[in-house]
Amino acid sequence: MPEIPEPRSTSQPLVISALAEDRPDLLPQTVALLRRRSFQVRSLSIGPTDTPHVARVTVTLDGPQREAKRLVRELGRLLYVLSADDLSDVPRVGRQLALVKVTADAAMRPQVAQVCEVFRARIVDVAADTVIVEATGNVDKIDGLLAVLRPFGIVEMVRSEPVALARSGRHLAYSSPPSTWLEDRLRTDSKQAH
Amino acid sequence: MSRQARRSGADIVWEGLSRHGVDRVFGYPGGAILPTYDALDRHPGIHHVLCRHEQGATHMADGYARASGRPGVVLATSGPGATNLVTGLGTAMMDSSPVVCITGQVPTTAMGGDAFQECDTTGVAAPVTKHAYLVREVDDLPLVLDEALTLAVSGRPGPVLVDIPKDVQNACTEAPWPDTPVRLPGSPQAELDPDTLKAALDLIESARRPVILAGHGILLSGASDELLAFAERRSIPVALTLLGKGCLPEAHPLCLGMMGMHGTAPANRAIQEADLLLAFGMRFDDRVTGNLATYAPSARKLHIDIDAAEIGKNVAVDVGIVGDLRPVLSSLLEHLAPLNDAAADAAGEWRDEIASWTRDADERDVLRRPQIDDSLLAAEVIDALFRHTGGDVINVTDVGQHQMWEAQYYPHSRPGTLVTSGGMGTMGFALPAALGVKMARPDEEVWAIAGDGGFQMTQAELATAVQEGIELKVTVINNGYLGMVRQWQEFFYDRRYLATPVLSPDFCRLAEAYGIPALRVSRREDLGPAIDRLRAHRGGPILAEFVVEQHDAVYPMVPAGADLDAMIRRPHPDPRPNPEPVRV
Ligand SMILES: Cc1ncc(C[n+]2csc(CCOP(=O)(O)OP(=O)(O)O)c2C)c(N)n1
Ligand SMILES: [Mg+2]
């Protein structure tokens, strides 16, 4: 499939991505920064990466483009942050996960399944009168799916915070030698492995 | 990493401080930090200064840190001990001062349950620190302490807090100290790239009306010599921020004095008419820019700062360089061409124009006018202090009118001779901070200069001064008002002086109650002898109260948010605005 850039409309948020040491208080420290520097945050997502003890932080924001640049600079002030980048205007893949519990008895189930097919969503749980639909996609796709599921009756639902990666040609890296903390953690890991 | 003997978290705290050369801490004990206090006498290399309030301890540590460049360390207990630190941390954060606070916390087993004197200390401290650590495992303590003490003084200095639950202080471990200096996360600062260097040089060499804005960063980087060489090479006038004072001798012909709200008219006008601003280690605070929309409208901007987040924060720049000023200025100096004839002519014209503004400002100077009556002006007190001390002592000022008069009437000629709360504007700073400064620089003559309002906020630290035998010169400029706020009421609130007349104790008797000699001065002819007496005093603190005219205002003044050259100037002739006396 051709790589389609995802242009940013005015309603779409700014997207900032960072790598950070995965210390126990990375989340509260990040929240405290976003708060005290008055950013209009839509979402924050933090999770591990393939590098031990290094986490990926994704923030989406409202505001003019300079807010994204400002956040990149401000993130540099957080002790744990290793590098940060503004992905707002670069070709990227952005995804969100949704779990939607929909009213559907045996008679209605095929119709829900049909909707799922169109949206490349899956039914992952079936009960007597409800099903749980799992979908991933960009925020617009999830919005679209919800619009068509709503008439069936949404009992409850959850959406994760969106995450994003730049498409090929651009990736976040950091050049520094590992911090003393990181070295210490890696040493402890290898001791435990033995 | 070498193995270590088993020792308690409390001992690790003192070991860690010793490893970083800390030989003095400022603090106040309480239940949650008692294990650490209890270990103090096993570490005789560290002296503990008992302050009278945790806020006082933070300002003392701040003064100590600013005067020494080393961490100023505070110890406090959980709950109220920790929350009392907030003002001092905020003050240190705004002014880039490496204060390190170590707080006790309720035991990990009790955390989260509203235990007695529990408080989310790291949550409270996060916005006012570079980083706030909570240590849940004693094994983590050595690395955290090493990192905290390194972080406070690295890059742009600033405060750090380490919160240690009581059970962690009591727990024992063999966890070793890192055997190399601790490395912080993040990439090391990039080298100055040739393109940026070239762009910066082009800006400078093509400017006809440049002004250097020299800030605190020059002093923190130790770049005074480079600044002077730089200014002289291209004959560029230099305006100072409040915290930049001392980075260049103010008597130097290129020095325009302070910029901003109460800056000199020549500095502010030069900035507004400049075609290039060279911002060195300053952050375009609203108190120095006035209205950003009309700020330096025809100037291009070169901004150099060690903190990347400052570049472009308030003012868009043409060239930004992230780096330590001393090496960056050195690199620029290596390539910076001296003025050619045409450029020298332009520089001469620019200087002549500024000199005409300086003459005009001098004519408006209240001290050059015949005094209306016998009442002493605060500006005269500062001026006398300057003349009688040869301009060579360290002044630590509080916040208000007296702070601005000090900045206007005490020209500083060397780095480190003015310590004041700039970014936060914290009243109550002067007395405790001055004690810290004097402890860090015992060979210097140190003066605390406070207003009658601010002095009363932390005057309890007089007891600390006596207990520690600190030879501090303490002055209270008593105008009977929260003067700076009164001035705003005079200018912007129709002279409705609500809540600004302030009753004070008899400051001399207050001092005497602490066993501190004191004198009161209200006549012009007593100024000199009083200052000489304070200078001659040995062995402990001495206090002078200067009773000054109550209604004088600091001029010039750029109203908050106004254009930088829309200055309110001193009226001439001088109508005393409010002759009626104050009653409280
Ligand atoms: C802790 C704190 N509270 C309030 C203020 C607001 N404020 C700024 S200057 C000032 C008046 C200071 O009065 P004083 O100490 O007598 O000094 P003066 O201006 O009279 O020289 C006040 C209340 C402040 N800066 N800090
Ligand atoms: Mg006053």
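Order of the sequence lines sets the chain letters (A, B, ...), proteins ahead of strands, with each chain counted from 1. Side-chain atoms are counted along with the backbone in the values below, which use heavy atoms only and exclude waters and symmetry mates.
With a 4.5 angstrom heavy-atom cutoff, Leu79(A) touches chain B via backbone and side-chain atoms both. Both the backbone and the side chain of Pro177(A) come within less than 4.5 Å of a heavy atom of chain B. For Ala126(B), the parts lying near chain A are the backbone and the side chain together; criterion is any non-hydrogen pair under 4.5 Å. Using a 4.5 Å cut-off between heavy atoms, Leu134(B) makes no contact with chain A at all.
Ile321(B) contributes atom CD1, which lies 8.5 Å from atom CG of Asp193(B) (distance to the nearest 0.5 angstrom).
Residue pairs satisfying the salt bridge (Lys or Arg N to Asp or Glu O under 4.0 Å) criterion with at least one member in residues 126-147 of chain A, sequence neighbours excluded, are listed as follows: Arg122(A)-Glu134(A), Asp143(A)-Arg159(A).
Using non-hydrogen atoms only and a strict 4.5 Å limit, the part of residues 29-39 of chain A facing chain B consists of Gln29(A), Ala32(A), Arg36(A), Arg37(A).
The aromatic ring centroids of His303(B) and Phe280(B) lie 6.0 Å or more from each other.
In this structure, a donor-acceptor pair under 3.5 Å is present between the side chains of Thr173(B) and Asp139(B). Between the side chains of Asp146(B) and His20(B), a donor-acceptor pair is found at a separation under 3.5 Å. One side chain, Arg156(B) or Ser96(B), offers a donor N or O that lies under 3.5 Å from an acceptor on the other.
The most heavy-atom pairs under 4.5 Å with chain B, out of Trp181(A), Tyr174(A), Tyr80(A), come from Tyr80(A).
When atom types are taken as modelled, the side chain of Thr130(A) and the backbone of Val102(A) share no donor-acceptor pair closer than 3.5 angstrom. Judged by distance alone, with hydrogens and angles left aside, the side-chain atoms of Gln169(B) form a donor-acceptor pair with the main-chain N or O of Ile164(B) at under 3.5 Å.
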